Amino acid sequence: MPVHLRLVHAEPGSRVVEASALHQGEVLAMALGEGPTAAAAEDQARQRLERRLGELPALPATTPADREATASHPVPAAAPVPAPTALPAVEEPAPDPEDWSAELARIDLALRRIGWQREQEGHYLERAFGHPSRSRLTTYNDLLAYLRLVEALEPGADPRTAAVPLRRGDLLEQSDGLLARLGWDALRGRQFLEQHLGRGSRQQLNDSELLQFNMLLEEALLAAGPAGRPATVD
């Protein structure tokens, strides 16, 4: 079964790798791994992924005749799946500052230290944000994510392989999916957040803390086993 690996976070002394198992082009299961190096994070992600796959029912074998029959008689669409339950925001996040000049100056210094010219920065921005221009970073969170990562890169880093920054929207979507798989409502999710990170809302978490929250949810999901819901939470 194909396994897709992706480095999703990098900072000094910490790497996070996402491992996804694919079946017929669809993501069957996903797991995160964290470690001091990319290799260590990959090993943990693979181990967690194997545990998740072991909890899933066996996939039926398909034959060419089965595939032809399926194509001739399509399976009716499944019933709509309820949207994941999101945690309620106890308080609104602070508004973005209007002046980003200090952050942009730090980015320039970091790029000079790494040794990247505009073309190399453009390659990296295209990988990380889908466009080659820094001027198209329109949210402060994206700018901060970019700043944190370039300040952590070593001189001479290759923009084609350097780790890309975390995207907050992706992290929120991932935690929504984990909460739905656990079967937790908003109140249960908020209690878990308060218990483990001392916050009442995901809006109060920075990107690194949100990643930690997702990994805690994944640990709870692994502990739940095939039933999908832990009997107790420490």
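The basis for the numbers below is simple: all heavy atoms, side chains too, and nothing from hydrogens, waters or symmetry mates. Quantities reported herein were computed from a predicted structural model and do not represent experimental measurements.
No chain of hydrophobic side-chain contacts below 4.5 Å, direct or via other Ile, Leu, Val, Met, Phe, Trp or Tyr residues, connects Leu109 to Leu143.
In this pair, Trp184 and Phe192 present their aromatic rings tilted. The plane angle is within the 30 to 60° band.
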**Test log, rule salt bridge (charged side-chain N to carboxylate O under 4.0 Å, His left out), inputs Arg199 and Glu194** = CA-CA 5 Å; Arg199 309 291 176 85; Glu194 290 176 342; over 6 Å; no

**Request:** Please lay out, stage by stage, how Leu205 and Leu211 fare under the test side chain to side chain contact (heavy atoms under 4.5 Å, CB included).
**Result:** CA-CA 9 Å; Leu205 304 176; Leu211 174 64; over 6 Å; no

**Message:** Could you walk me through whether Leu125 and Ser133 satisfy the side chain to side chain contact (heavy atoms under 4.5 Å, CB included) test, starting with their C-alpha distance in whole Å, then the side-chain angles of each, then the deciding distance to 0.1 Å, before giving a yes or no?
**Reply:** CA-CA 7 Å; Leu125 285 167; Ser133 173; 5.7 Å; no

**Item:** Step-by-step side chain to side chain contact (heavy atoms under 4.5 Å, CB included) determination, Ser175 to Arg202
**Value:** CA-CA 10 Å; Ser175 63; Arg202 290 181 301 178; 2.5 Å; yes

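Annotation for Tyr140 and Glu103: closest pair OH-OE2, 2.6 Å, computed over non-hydrogen atoms. Leu153 and Ala162 make their closest contact through CD2-CB, 4.0 Å (heavy atoms, listed as atom of the first residue, atom of the second, distance). The shortest non-hydrogen separation linking Ala31 to Arg48 is CB-CB, 3.6 Å.
Gln174 pairs by the side-chain contact (heavy atoms from CB on, under 4.5 Å) definition with Glu18, Met30, Leu32, Leu171, Leu178, Asn214, not counting sequence neighbours. When the side-chain contact (heavy atoms from CB on, under 4.5 Å) test is applied to Arg46, the partners found at least two apart in sequence or on another chain are Val3, Leu5, Glu42.
A salt bridge links Arg134 with Asp108; the closest basic N to acidic carboxylate O contact falls under 4.0 Å.
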